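Input: a single structure, listed below in structure tokens.
The sequence lines fix the lettering, A, B, ..., with proteins before strands; numbering per chain opens at 1. The model shown is predicted, which means the values in this text are computed figures rather than measured ones.
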There are 2 protein chains.
Amino acid sequence: MSAANLRARVRAEMTEEIKNVARRHLATDGANLSLRAVARDLGMASSAVYRYFASRDELLTALIIDAYNEVGDAADRAAATQVMPLGKWLAAGHAVRDWALVNPHQWALIYGSPVPGYQAPQDTIGPATRVILLLGATLGDAYQRGLIPAREPISASFAQELAPIAETFQAGMPPHVVADTLAGFFQLCGAISAELFGQLNKSVDEDRRGFFEYQMRAAAAAAGLS
Amino acid sequence: MSAANLRARVRAEMTEEIKNVARRHLATDGANLSLRAVARDLGMASSAVYRYFASRDELLTALIIDAYNEVGDAADRAAATQVMPLGKWLAAGHAVRDWALVNPHQWALIYGSPVPGYQAPQDTIGPATRVILLLGATLGDAYQRGLIPAREPISASFAQELAPIAETFQAGMPPHVVADTLAGFFQLCGAISAELFGQLNKSVDEDRRGFFEYQMRAAAAAAGLS
DNA sequence: GATTTGCAAGAGCAGTGCTCTCGTTGTGGC
DNA sequence: GCCACAACGAGAGCACTGCTCTTGCAAATC
């Protein structure tokens, strides 16, 4: 029994070890991850790595799923510390940004331009939507609590366009809440990516956190939450 | 004289030809541009390409500068067709998005995650700031025309933080206009990247243009322009 | 016309992802 | 306890990459 588990346990440890080394390489060398270099660091032949990951893409996929879950966990944890929707909204945003600042290359992996030949498999779409679902739930909760004032309804065609996305959120969310959730999420992604990838002027690294919060508050205010 | 120009003219044509083929490869194979493949397509030895570009990075830099200028030209042209600031703002946004939809890989090159070992040289920062400067000029013009209502001033520390960026815009622009310009630009980048890189649900590709305009209008409204 | 310069081609080096084969070693059935 | 079997690691090898160096040729200059 325990002997039977030996192989499985060693395999699980080895898989995790490979991912850890790969993450380290990702942090130093950037996105062009070399499987051979990872194998060298582990003191094993490059062909041996293929016993654990069928290809470089599959290793990248594993890292991507882990990254999505890490940032999703961070956002969930931060939101859980707050009671009011605006507090959850801001806490989640800061949590995502903090995680991105600590793990910039993993952020680039999931929210940057897609890796050249890489095609995201189905396994990734679940973890990928966690943050946006959290934001949607937060705004939806605010709407149900009456914290978001009534607004003239969005045009019918626009509402119909957003319907498939609205289904993945809470039932009964009006289209403008769905739209503002997406807009807020894109603002979040744009702000973090711009800060990370150097679009922002170098001289403003003093209190970027304040400017980030300014934007997240503006996104919440655009939705009617302030 | 004309014979002396022959070399120079052929060289210029060859340089342009290499960039064109490289752009075509970029559009089909993604960001991992192969210099050898480009050379093969041109019917020349790979080593010959190094007479025109010292390295693969230098070729990428040339493509990046061209892309920045292309999107900058498109935004300038679109804004010039409008007279009112909100019209310029929306037209510029749509022009950038339209260009990105036609040239997604070039968009990824300039606004996606940076290429692995690539370090942007000084030559790129000029063309890189054209779009954001246009947006800043548009909001600044609206402010001077009195189209943006007075707002309670931003906190002193926040204003000081934005000062270095404000200097690159028009003189006398209040900090909140600077902040809203940046926020709008990040919203633009986030929305386009999300649309291009598939963050958006596949079912909503019908009228994404409408949702994009919704976001750009919200960004303008956040700045006080509507 | 002689010489210097710009250019293209080829060979070659070190590195990559990935495949195949070949011993070795742990695992489950008898 | 033994044995077939599957999992595993290592090595060689293939086609590819970016880049350098040398060699020969054509154009520009003196």
Rounded to the nearest 0.5 Å, what separation is found between the CG atom of A:Leu33 and the CG atom of A:Leu26?
6.0 Å
Are OP1 or OP2 of D:dC19 and a side-chain N or O of B:Arg56 less than 4.0 angstrom apart?
no
When you measure from the side-chain N and O atoms of A:Arg9 to the phosphate of C:dT27, is any distance below 4.0 Å, counting only OP1 and OP2?
no
To the nearest Å, how far apart are [X] [atom1] and [N] [atom2]?
X: B:Arg11; N: D:dA26; atom1: CZ; atom2: C1'; result: 16 Å
X: A:His25; N: C:dT16; atom1: NE2; atom2: P; result: 10 Å
X: A:Glu17; N: D:dG9; atom1: CD; atom2: P; result: 13 Å
X: B:Leu35; N: D:dC16; atom1: CG; atom2: P; result: 16 Å
X: B:Ile18; N: D:dG18; atom1: CD1; atom2: C1'; result: 15 Å
X: A:Leu59; N: C:dT16; atom1: CG; atom2: P; result: 14 Å
X: A:Met14; N: D:dA7; atom1: CE; atom2: P; result: 17 Å
X: A:Asn32; N: C:dT16; atom1: CG; atom2: P; result: 10 Å

Scan residues 38-55 of chain A for pairs that pass side chain to side chain donor-acceptor pair (under 3.5 Å), counting only residues two or more places apart or in two chains.
A:His25-A:Asp41
Counting only distance, no hydrogens or angles, is the base of D:dG18 paired donor-acceptor with the side chain of B:Arg36 under 3.5 Å?
yes
Sequence-distant partners of A:Arg36, salt bridge (Lys or Arg N to Asp or Glu O under 4.0 Å), two or more places apart:
none
Contacts of type salt bridge (Lys or Arg N to Asp or Glu O under 4.0 Å), residue A:Asp98, not counting sequence neighbours
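A:Asp98 satisfies salt bridge (Lys or Arg N to Asp or Glu O under 4.0 Å) with no residue once adjacent residues are dropped.
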Give a yes or no answer on whether the side chain of A:Trp89 reaches the backbone of A:Met216 with a donor-acceptor pair at less than 3.5 Å.
yes
Partners meeting side-chain hydrogen bond (donor to acceptor under 3.5 Å, both in side chains) with B:Asp66 (sequence neighbours left out):
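Partners of B:Asp66 under the side-chain hydrogen bond (donor to acceptor under 3.5 Å, both in side chains) test: B:Lys19, B:Arg23.
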Sorted by chain and number, sequence neighbours left out, side-chain hydrogen bond (donor to acceptor under 3.5 Å, both in side chains) with B:Glu213 holds for B:His94, B:Arg217
Contact class for B:Leu33 (heavy atom, under 4.0 Å): base, sugar-phosphate, or nothing?
sugar-phosphate
Stretch residues 44-53 of chain B: residues that reach within less than 4.0 Å of DNA chain C through a heavy atom:
B:Met44, B:Ala45, B:Ser47, B:Ala48, B:Arg51, B:Tyr52
